[in-house]
Amino acid sequence: MSNPKTLISEAEIKTRVDELAAQISLDYADKGELVLVGVLKGSFIFLADLSRRLSIPRHIEFIAVSSYEHGSVRSGAVRLVMDVRRSIEGKHVLVVEDIVDTGHTLHYLIDMLRSRGPASVRTCTLLHKEHRTEVDVEIDYLGFTIGDEWVVGYGLDYDEKDRTLPYIGAIEPQD
Ligand code: 5GP
C-alpha cells in the first residue's frame, strides 16, 4: 500500500506546535499549574510534543471517549470510557485534542469538565474540519484548518494504521 499523501509536513507541524506552546505559555504565565487533558488515543503525540515545549508548570492527564455508532454512522452521542485520575476542581484545564470534526466530542468534554468546578476550561486542537461542524465549540488554540478528507499520522489512525507517521497524511475524501 502506498503512503498517504502529505497534507501537513513534519516541519510545518513542528513550527506550529512551537507557536501554540509559546502562546499557551504566555497566556497561562503566573496562573499556577496547568492541567493538560489529552484525549486518547489520537492526541498522544501532539500532547507529548506540546507539553515538552511549554515553559509553565503543567500536569498531564488523559481521558478517553467513544462515539456511539449506528452501523458506520456516528450518532453524535459520546460516552466516557476513561476518566482523569486527579480532581480538576479549582484548576486551569486545557483539553488537548488531535482533531475536531463534527464537534460533538469536544462539546461533551467541555460540558463534563466544566461541571466539576475547575478555575477554567479551554481547548486546544491540532486539526479542525470546519466544514463538518454540527455543534459549535470554542477552540482556543488551533493548529490547522483542514478539508473533509480522512487524515492519519502524528497520532491519528485509520483502523489503528499509520498512527506513527511523522506527518499528517490524507487518505481519501470522507463520505
Ligand atoms: P467529532 O466528535 O468532532 O465529530 O469527532 C472527533 C473524533 O473523530 C476525533 O477525536 C477522532 O477520533 C475522529 N476523527 C474525525 N476525523 C478524523 C480523521 O480524519 N482522522 C482520524 N484518524 N480520526 C478522525
Side-chain angles (χ1 to χ4, degrees), residues 1-10 12-14 16-17 20 24 35-51 60-85 88 93-116 121-175:
M1 211 174 103
S2 60
N3 281 333
K5 89 169 186 309
T6 304
L7 195 66
I8 306 168
S9 71
E10 196 174 350
E12 288 172 307
I13 296 171
K14 184 177 180 313
R16 193 72 191 109
V17 174
L20 290 172
I24 293 165
V35 181
L36 297 165
V37 177
V39 185
L40 292 174
K41 297 179 190 175
S43 75
F44 82 110
I45 293 178
F46 177 42
L47 179 66
D49 284 347
L50 184 74
S51 61
I60 312 285
E61 289 287 340
F62 285 103
I63 212 160
V65 291
S66 105
S67 307
Y68 287 103
E69 293 185 12
H70 297 301
S72 62
V73 179
R74 286 195 287 150
S75 66
V78 178
R79 180 171 61 100
L80 186 69
V81 294
M82 192 190 97
D83 206 345
V84 294
R85 297 242 183 139
I88 57 161
V93 173
L94 183 63
V95 182
V96 179
E97 260 282 26
D98 49 352
I99 187 164
V100 175
D101 182 8
T102 61
H104 287 289
T105 303
L106 201 53
H107 185 259
Y108 168 86
L109 286 175
I110 293 168
D111 272 5
M112 188 200 64
L113 293 169
R114 285 207 171 126
S115 73
R116 296 176 178 186
V121 177
R122 284 190 185 166
T123 61
C124 175
T125 183
L126 182 68
L127 305 171
H128 183 208
K129 292 183 186 173
E130 64 177 357
H131 296 300
R132 287 180 45 86
T133 302
E134 287 176 15
V135 41
D136 278 324
V137 283
E138 223 166 282
I139 298 174
D140 298 290
Y141 303 97
L142 169 64
F144 304 92
T145 298
I146 62 168
D148 289 355
E149 57 262 278
W150 190 263
V151 291
V152 292
Y154 201 67
L156 293 120
D157 73 314
Y158 174 67
D159 208 11
E160 287 305 323
K161 286 190 277 293
D162 293 328
R163 250 191 225 289
T164 53
L165 283 177
Y167 61 92
I168 303 286
I171 296 195
E172 61 195 14
Q174 218 170 325
D175 50 37

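Both counts, for ligands and for their atoms, begin at 1 and track the order of listing. As the structure is a prediction and not an experimental result, all values here were calculated from the model.
- Residue contacts with ligand 1 for D98 involve side-chain atoms from C-beta outward but no N, CA, C or O (heavy atoms, distance under 4.0 Å).
- In terms of N/O distances under 3.5 Å, ligand 1 is not approached by Y158.
- Panel note: side chain E134, backbone G103; no donor-acceptor pair is recorded below 3.5 Å.
- Inclusion of V100 in the set of residues having an N or O under 3.5 Å from an N or O of ligand 1 is not warranted.
- Across C124 and I24, no two heavy atoms sit closer than the pair SG-CD1, 4.3 Å.
- Only one option out of I13, L20, V39, L156 pairs with F46 in a side-chain contact (heavy atoms from CB on, under 4.5 Å); it is L20.
- At a 4.0 Å heavy-atom cut-off, ligand 1 touches K129 through the side chain alone.
- With no hydrogens or angles considered, no side-chain donor-acceptor pair links T133 and E130 at under 3.5 Å.
- Of all the heavy atoms of E149, the ones lying under 4.0 Å from any atom of ligand 1 belong exclusively to the backbone.
- The H104 neighbourhood of ligand 1 comprises atoms 2 (O), 3 (O), with distances under 4.0 Å to a heavy atom of that residue.
- For ligand 1, the atoms closer than 4.0 angstrom to any heavy atom of D157 are 21 (C), 22 (N).
- Not close to ligand 1: G42, with no non-hydrogen atom less than 4.0 angstrom away.
- Taking a 4.0 Å cut-off on heavy atoms, V151 registers as neighbouring ligand 1.
- Salt bridge annotation for D111-R116: absent, with no cationic side-chain nitrogen under 4.0 angstrom from a carboxylate oxygen.
- For the side-chain hydrogen bond (donor to acceptor under 3.5 Å, both in side chains) test, no residue two or more places apart in sequence or in another chain qualifies with T6.
- Listed by atom number, the atoms of ligand 1 under 4.0 Å from T105 heavy atoms are 1 (P), 2 (O), 5 (O), 6 (C).
- A donor-acceptor pair shorter than 3.5 Å can be found between the side chains of Y154 and D49.
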